[in-house]
Amino acid sequence: MKTAFITGITGQDGAYLAKLLLEKGYEVHGGVRRISQPETVRLELLGIADQVTLHEFDLTEQNNIFRTIQAVEMDEFYNLAAQSFVGASWDLPVYTADADAMGVVRILDTLRTLRPEARFYQASTSEMFGLVQEVPQKETTRLYPRSPYGVAKVYGHYITMNYRESFGLHASSGILFNHESPLRGKEFVTRKITLGLAQLARGGDAPVELGNMDARRDWGFAGDYVEGMWRMLQQDDADDYVLATGVTTTIRDFFTFAAEELGMDLEWTGEAEGETATDRKTGKLVMKVNPKFYRPAEVDLLIGDASKARTQLGWEPKVDIRSLASMMAKSDFDALG
Ligand code: NAP
Ligand code: F7E
């Protein structure tokens, strides 16, 4: 039986990855940071809260990282923990760098000292492409991050490559494009939309207030992407891989797909800060733009080329964008019932 350690096990990806590894027969350990009331909601929703061993873990505390890696005899280490909300990274730039950049080197250097044989996965991101220098984006595309989050993740990405090349660690980096699910945090745009629309469909009156409706993202299903993470660590040699669907969609179109799942028929009016959407069936205002949600610098277009993962890992995304929007809208609607 293999043993895996997952940082960020209480997050969206951590919960799905823990479930996948348990199904594969792993002993699963995970890191949970100390807060007044530990949140294991996602692990409970997937029915695995009592099958994983949790350890107090914080990316910003070197001693804690050292002791955790000393205590758990892991074969595989998945670093999924991060300050992962791009919007918050302008308010928390130093903390974001400490967790998302320095946190990675703290782990790598401790692994190098205590467990050089353990395989390591770093959660890199399409946000590193930022102001894209090539369309679609692949492993060799030049990086141009557009937020403190993106900049911190670039450090995490390169230090992972550097420890692989310098010390021979089996350290891989997954450059994952946006992936969502019913377990997605409520501040991210897809979940904010599906939850807001579900509340409206259940009789609520508050329109969903959004920022840039024209941004385009390559959205997949988180359950598919954690399979790719695992496949990366099963290769003989560590490497970096893009995981993406190759399809890009505007925020507006995602909103429309989710609204259609809930039986709405949208009429769009206005532009930019004056843009709104109304449900023709009920006459309710369901969306209005609020400039408060604009970002100081935007990533306008992301679309990934996952051919390397397809060829070398045999990885394919299974859920398309419409099915994803339907899955999330239906889940939020049912939960509110
Ligand atoms: P998430 O739901 O926000 O989960 C983040 C996890 O990190 C949570 O468990 C959180 O703990 C933990 N965490 C935050 N700060 C920490 C700290 N200082 N010490 C220890 N743990 C800490 O994110 P996700 O969507 O699952 O994403 C997983 C990883 O993939 C992240 O590194 C993210 O940046 C990266 N990524 C995500 C996407 C995507 O589209 N989802 C795409 C590319 C890359 P709490 O539960 O206590 O908050
Ligand atoms: O924004 C626009 C916003 O916050 C997507 C993280 O998992 O994926 C995620 O980062 C787009 C942006 O995700 C609102 O301006 C409009 O263009 O859902 P998001 P993200 O920033 O792409 C990457 C790959 C990660 O690595 C990150 O960890 O939607 N948008 N209106 C809005 N976004 C939010 N959050 N809220 C709005 O009201």
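Every number for a ligand or one of its atoms is a count from 1 in the order of the listing.
Near Val86, with a cut-off below 4.0 Å to any heavy atom, the atoms of ligand 2 are 10 (O), 21 (O). Within the listing of ligand 2, atoms 6 (C), 7 (O), 8 (O), 9 (C) sit less than 4.0 angstrom from a heavy atom of Arg184. Every atom of ligand 1 with a heavy atom of Ser124 under 4.0 Å away is listed here by number and element: 43 (C), 44 (C). Of all atoms in ligand 1, numbered sequentially from 1 with element shown, those under 4.0 Å from a heavy atom of Ala123 are 29 (C), 30 (O), 32 (O), 35 (C). Within ligand 2, counting atoms from 1 as listed, the ones closer than 4.0 Å to a heavy atom of Ala215 are 17 (O). Applying the 4.0 Å criterion to heavy atoms of Asn178 picks out, from ligand 1, the atoms 40 (O). For ligand 1, the atoms closer than 4.0 angstrom to any heavy atom of Thr125 are 43 (C), 44 (C). For ligand 2, the atoms sitting less than 4.0 Å from at least one non-hydrogen atom of Phe293 are 38 (O), numbered in the order shown with element in parentheses. Proximity to Phe85 (heavy-atom distance under 4.0 Å) selects the following atoms of ligand 2: 4 (O), 35 (N). Each of the following atoms of ligand 1 lies closer than 4.0 Å to a heavy atom of Leu80: 28 (C), 29 (C), 31 (C), 32 (O).
The shortest N or O to N or O distance between Ser84 and ligand 2 is under 3.5 Å. Polar contact check, Gly211 against ligand 2: a nitrogen or oxygen pair lies under 3.5 Å apart. Taking distance alone, with nitrogen or oxygen atoms compared against 3.5 Å, Phe188 stays at or beyond that limit from ligand 1. Taking distance alone, with nitrogen or oxygen atoms compared against 3.5 Å, Ala82 approaches ligand 1 more closely than that limit. Checked by distance only, ligand 2 and Ser126 stay at 3.5 Å or farther apart across all their nitrogen or oxygen atoms. Checked by distance only, ligand 1 and His179 come closer than 3.5 Å through their nitrogen or oxygen atoms.
Here the protein heavy atom with the shortest distance to atom 32 (C) of ligand 2 is Val189 CG2, 3.5 Å. Nearest non-hydrogen protein atom to atom 1 (O) of ligand 2 is Arg295 NH2, 3.6 Å. Of all protein heavy atoms, the one lying nearest to atom 38 (O) of ligand 2 is Lys192 NZ, 2.7 Å. Remark: minimum distance from atom 13 (O) of ligand 2 to any protein heavy atom is reached at Asn178 ND2, 3.7 Å. Atom 15 (O) of ligand 2 has Glu298 OE2, 2.6 Å as its closest protein atom, hydrogens excluded (heavy atom only). Of all protein heavy atoms, the one closest to atom 16 (C) of ligand 2 is Asn212 O, 3.3 Å. The single protein non-hydrogen atom nearest to atom 11 (C) of ligand 2 is Ile251 CD1, 3.7 Å, given as residue, atom name and distance. Counting only heavy atoms of the protein, atom 12 (C) of ligand 2 lies nearest to Arg217 NH2, 3.3 Å.
Under a cutoff of 6.0 Å and an axis angle of 45°, Arg217 and Phe177 do not form a cation-pi pair. Under the 6.0 Å distance and 45° angle rule, Arg184 counts as a cation-pi partner of Phe188. With a 6.0 Å cutoff to the six-membered ring centre and a 45° limit on the axis angle, Lys153 does not count as a cation-pi contact of Tyr158.
For the ligand labelled ligand 1, residue Glu39 lies outside the 4.0 Å heavy-atom shell. Ligand 1 is never approached by Tyr225 to a heavy-atom distance shorter than 4.0 Å. Look at Tyr95 and you'll find a heavy atom under 4.0 Å from some atom of ligand 1.
A donor-acceptor contact shorter than 3.5 Å links the side chain of Asn64 to the backbone of Asp58.
A donor-acceptor contact under 3.5 angstrom links the side chains of Ser173 and His157, judged on distance only. Residues Ser181 and Gln12 bring a donor and an acceptor atom of their side chains to less than 3.5 Å of each other. When only modelled atom types and interatomic distance are considered, Asp279 and Thr282 share a side-chain donor-acceptor pair under 3.5 Å. Checked by atom type, the side-chain pair Glu76/Tyr26 shows a donor-acceptor distance below 3.5 Å.
Of the charged side-chain nitrogens involved, none lies within less than 4.0 Å of a carboxylate oxygen, so that Lys292 and Glu209 do not count as a salt-bridged pair. Contact check on Lys308 versus Glu139 returns no salt bridge, with no Lys/Arg side-chain nitrogen under 4.0 Å from an Asp/Glu carboxylate oxygen.
Classified by interplanar angle (parallel below 30°, tilted 30° to 60°, perpendicular above 60°), the ring pair Tyr78/Tyr121 is tilted.
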> When you look at Ser172 and Leu233, which way does the side chain to side chain contact (heavy atoms under 4.5 Å, CB included) test go after all the steps?
Replying inline: CA-CA 7 Å; Ser172 294; Leu233 294 208; 4.1 Å; yes

>> One pair to check against side-chain hydrogen bond (donor to acceptor under 3.5 Å, both in side chains): Thr248 and Asp218. What are the steps and the verdict?
In response: CA-CA 4 Å; Thr248 194; Asp218 179 330; over 6 Å; no

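With Thr10, Asp58, Val32, Leu17 as candidates, the residue nearest to atom 17 (C) of ligand 1 on a non-hydrogen basis is Asp58. Within the set Gly11, Ser181, Ser84, the minimum heavy-atom distance to atom 23 (O) of ligand 1 is found for Ser84. Considering Lys153, Arg216, Glu187 only, the shortest heavy-atom separation from atom 35 (N) of ligand 2 involves Glu187. One option in Tyr149, Phe129, Phe177 has a heavy atom closer to atom 26 (O) of ligand 2 than any other, and that option is Tyr149.
Here Tyr149 has side-chain heavy atoms under 4.0 Å from ligand 1, and that is the only part of it that gets that close. Under 4.0 angstrom from ligand 1, the non-hydrogen atoms of Arg184 all belong to its side chain. Contacts between Phe188 and ligand 2, counted as non-hydrogen atom pairs separated by less than 4.0 Å, involve both the backbone and the side chain.
Of the listed residues (Tyr241, Trp230, Trp315, Tyr16), just one forms a ring-ring contact (aromatic ring centres under 6.0 Å, His included) with Tyr225, and that residue is Trp315.
Here the two rings, on Phe255 and Trp268, have centers that are under 6.0 Å apart.
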